[in-house]
Each structure stands twice: as C-alpha cells, then as structure tokens.
Amino acid sequence: MEHEDWRKYKRTIEIFEKMRETGLDPTLSKGLEFDEFTCSTVISACGREGMLDEARKFFADLKLSGYRPGTVTYNSMIQVFGKSGVYVETLNILKEMKDNHCVLDVVTYNEVVAAYVRVGFHDEGVAVIHTMASRGVTPNAITYTTVINAYGKARNEDKTLKVFGQMKELGCVSNVRTYSSVLAMLGKRSRPEDMINILHDMKLNGCLPERATWNTMLVVCGEEGKQKYVNQVLREMKISRYEPNKDTFNTLISAYGRCGYEVDVAKMYGEMIMVGFTPCITTYSALLNTLARRGDWNFHNKSYFLLVFQALDVPMDRLVEAADSASWLTWKIK
DNA sequence: TTAGGGTTAG
C-alpha cells in the first residue's frame, strides 16, 4: 500500500472508531439511527483529519437517507469548511441551513465570523455581529475575541480597540483569551502604556494572565529598541507574583537578546541558574544569537565569545552542541 | 455533539 493510501486508511479506521463510540455502525448502510451527536462527531472527525470529501459525502448520504440535519450538524459542517478556508462553501451551507428553517444559534454565527476573518474579510466578520444581534442572538466573548484577534494580527490597532470597547459597552465580559489578543496587538504596535493599562484592567476583572500571555508579550516586545517594554512586562510579572518557569527564562533571554541588551541577557541567564533551572539547547542558542547580533563579532575571533561565556560560566560543549543543532555556525560564517 | 488565542535561537 502506498504511504498516502495507508494514511488515508488509518484515518478512515479512526473515524469508524469514532462512529462506533457514538453508537453508529459504519458497516451498515441502511437503517441507521442518526442523531445530532453522531452526525456532528463524524463531521468534526473528518474535518480534523482534513477529509473534506468524506465530510461532504457523509453529509450528502445523511440527507439522502432521510435525516434532517439540525443546528449542531450544520454548525459542524460550517466549522469544517470555514476552517479549510473555502468560505463560499461555508456560506452555501449557511444558506441551506436557512432554507431548511434550521435555527441559527450563537455557535453558527461565531463559525461564520471565524470563516470570514480567516480569509481576511474582517469587516464582513464585524457585520455578522450586527446581523446576529438584530436577529436576537447575543454575541458572546468568543464572537468578539474572534474579530479582535483578527484585527490584532492585521496590526489594525484602531479597529481592535474599537471592537474591544464595543464589547465592554454592551456588557460582554472579556476573558483571558480576549485580553491576550489585545495585549499581543499592543505589544506589536509598541504601546506599552496601554499594555500595562490592559493588564491592570484584567486584574480588576479577576482575570489572570496565563503563562503564554506573558510569553507572548515578551516575544512581541523583543525587538530593537524595545527593551524598556520587556522591562515593563517583567516588572508586571513580578507584581502579579507570577512564577517563572524555564520557558519564561528562555523567552526573557531571547527577548532581551533581540533588543540587543546583552547585560540583561547575562542577568537573566544568571537568575535562571540561581533559581535552579537547567539551561537547555534553546537557552544556549538564544545566547549565541544575542552575540551574533553584534556586527563586530566574528566566530573566528573567539575573544569576545570566550569573554562573555566564561563570565557566565557557560559550558563550552553545550554551546557547541547548540551551535550545531541550530546550524548556527553555517548561518554565522557566511 | 459544534465556536475564539497564545509558548523561546535565525
């Protein structure tokens, strides 16, 4: 069997397993008892495996067998095709859903919003929010976060904040995902004051940043000239009594490194060791890249290399290992 | 049973 066929075979088996779990026997072609559970489970499983044709076929057969798909089944179809980026097909399914007088719920609309913004139609996504509200379906945090995140990724600061503000005005409560999306955008746009304000707002609402929220902020601030913001974020982390893990230190080292702040890189490395975390390849690579940013630095001239790393007590063998694993040498010596 | 984000080198 060809590799691709084998993979497909395995996927099919997985889906059959799913069907059995939900009480549906895939080997029977007639007399099946379909319900919303089984249908949406199978469609979602197909979607996760990238089997769009199978999802289409299953859906078509379902209807041929006389089953009338309900909201959840339609929602899962909209999700699968929305995720695949075929938004025209997504809209067709939505139309069919309406034609069949199937109830559109908040999940339906959220999927449609996601389908629009996924292909870059942000304003159309926002328009859906208005449509759903006018049809009596209240947008929730997921609805707003979907467009906030999309505008944020597009670096559209004004619209991100506008939607965030509207959400608040309408009494929809932000959660950690909403805040994380706004914070990531503000970091990218060099708006540290606003970032700190949002962090305070979060705390007021009893919403704690997650590990990745902090990491994201550090990553987006890790750019030339942004070390002040990294400092700010670090300060807030301490105020929030956030307990750093190894990843936090690696992220901090690389963020300071990309800002060109070697002193703080060294400080973070020292602190990492002090609190008992063992540096790994990523740590050493981050250190190497910090030095590689220096235009006057050359691998063949090992003086600076030795000076800095000896001062940090960096084990040379680990450093060489890191350089090898990241093809760092070939990248640097060119 | 269906919906949103984020995690370190270059």
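In what follows, chains carry the letters A, B, and so on, assigned in the order in which the sequence lines appear, proteins first and then strands, with residues in each chain numbered from 1.
- Taking A/Lys238 as the reference, nothing meets the salt bridge (charged side-chain N to carboxylate O under 4.0 Å, His left out) condition, with sequence neighbours excluded.
- Nucleic acid contact class of A/Ala286 (heavy atoms, under 4.0 Å, all strands): sugar-phosphate only.
- Shown for residues 251-259 of chain A: residues whose heavy atoms fall under 4.0 angstrom of DNA chain B, namely A/Thr251, A/Ser254, A/Arg258.
- Of the residues in residues 214-237 of chain A, those with a non-hydrogen atom less than 4.0 angstrom from any atom of DNA chain B are A/Asn215, A/Thr216, A/Val219.
- For A/Arg189, the salt bridge (charged side-chain N to carboxylate O under 4.0 Å, His left out) criterion is met by A/Glu157, not counting sequence neighbours.
- As a whole-Å value, the separation of A/Tyr144 OH from B/dG4 C1' is 14 Å.
- Counting heavy atoms from C-beta on, the side chains of A/Lys63 and A/Glu96 come closer than 4.5 Å.
- Pairs of residues two or more places apart, or lying in two chains, that qualify as side chain to side chain donor-acceptor pair (under 3.5 Å) and include a residue from residues 161-174 of chain A are A/Lys168-A/Asp201.
- The A/Asn75 side chain lies nearest to B/dT2 when the options are B/dG4, B/dT1, B/dT2.
- For A/Asn175 and B/dG4, a side-chain-to-base donor-acceptor distance below 3.5 Å is present, hydrogens and geometry of angles not being considered.
- Set against B/dT8, B/dG5, B/dT1, the side chain of A/Lys153 has B/dG5 as its closest nucleotide.
- Contacts of residues 76-100 of chain A with DNA chain B (heavy atom under 4.0 Å): A/Gln79, A/Lys83.
- Under the rule for a side-chain hydrogen bond (donor to acceptor under 3.5 Å, both in side chains), the partners of A/Tyr67 that lie at least two apart in sequence or sit in another chain are A/Glu36.
- As a whole-Å value, the separation of A/Asp105 CG from B/dG4 P is 14 Å.
- Listed nucleotides: B/dA9, B/dG4, B/dT2. Nearest to the side chain of A/Thr146: B/dG4.
- Of the candidate nucleotides B/dT8, B/dG4, B/dG10, B/dG4 has the atom nearest to the side chain of A/Arg177.
- Taking only side-chain atoms of A/Ala212, from C-beta outward, the nucleotide of B/dG4, B/dG6, B/dT1 with the closest atom is B/dG6.
- Pairs passing the ring pair (Phe, Tyr, Trp, His ring centres under 6.0 Å) check and including a residue from residues 182-208 of chain A, sequence neighbours excluded, do not occur.
- The side-chain hydrogen bond (donor to acceptor under 3.5 Å, both in side chains) check on A/Lys153 picks up nothing, with sequence neighbours excluded.
- Evaluation of the salt bridge (charged side-chain N to carboxylate O under 4.0 Å, His left out) rule for A/Lys57 yields A/Asp61 as partners, not counting sequence neighbours.
- Residue A/Ile281 has its side chain nearest to B/dA9 when only B/dG5, B/dA3, B/dA9 are considered.
- With sequence neighbours excluded, the residues that form a salt bridge (charged side-chain N to carboxylate O under 4.0 Å, His left out) with A/Lys159 are A/Asp123.
- Nearest nucleotide to the A/Thr282 side chain, out of B/dA9, B/dT8, B/dT1: B/dT8.
- Residues that satisfy the ring pair (Phe, Tyr, Trp, His ring centres under 6.0 Å) test with A/Tyr269, not counting sequence neighbours, are absent from this structure.
- You'll find that the side chain of A/Val106 is closest to B/dA3, out of B/dG6, B/dA3, B/dT2.
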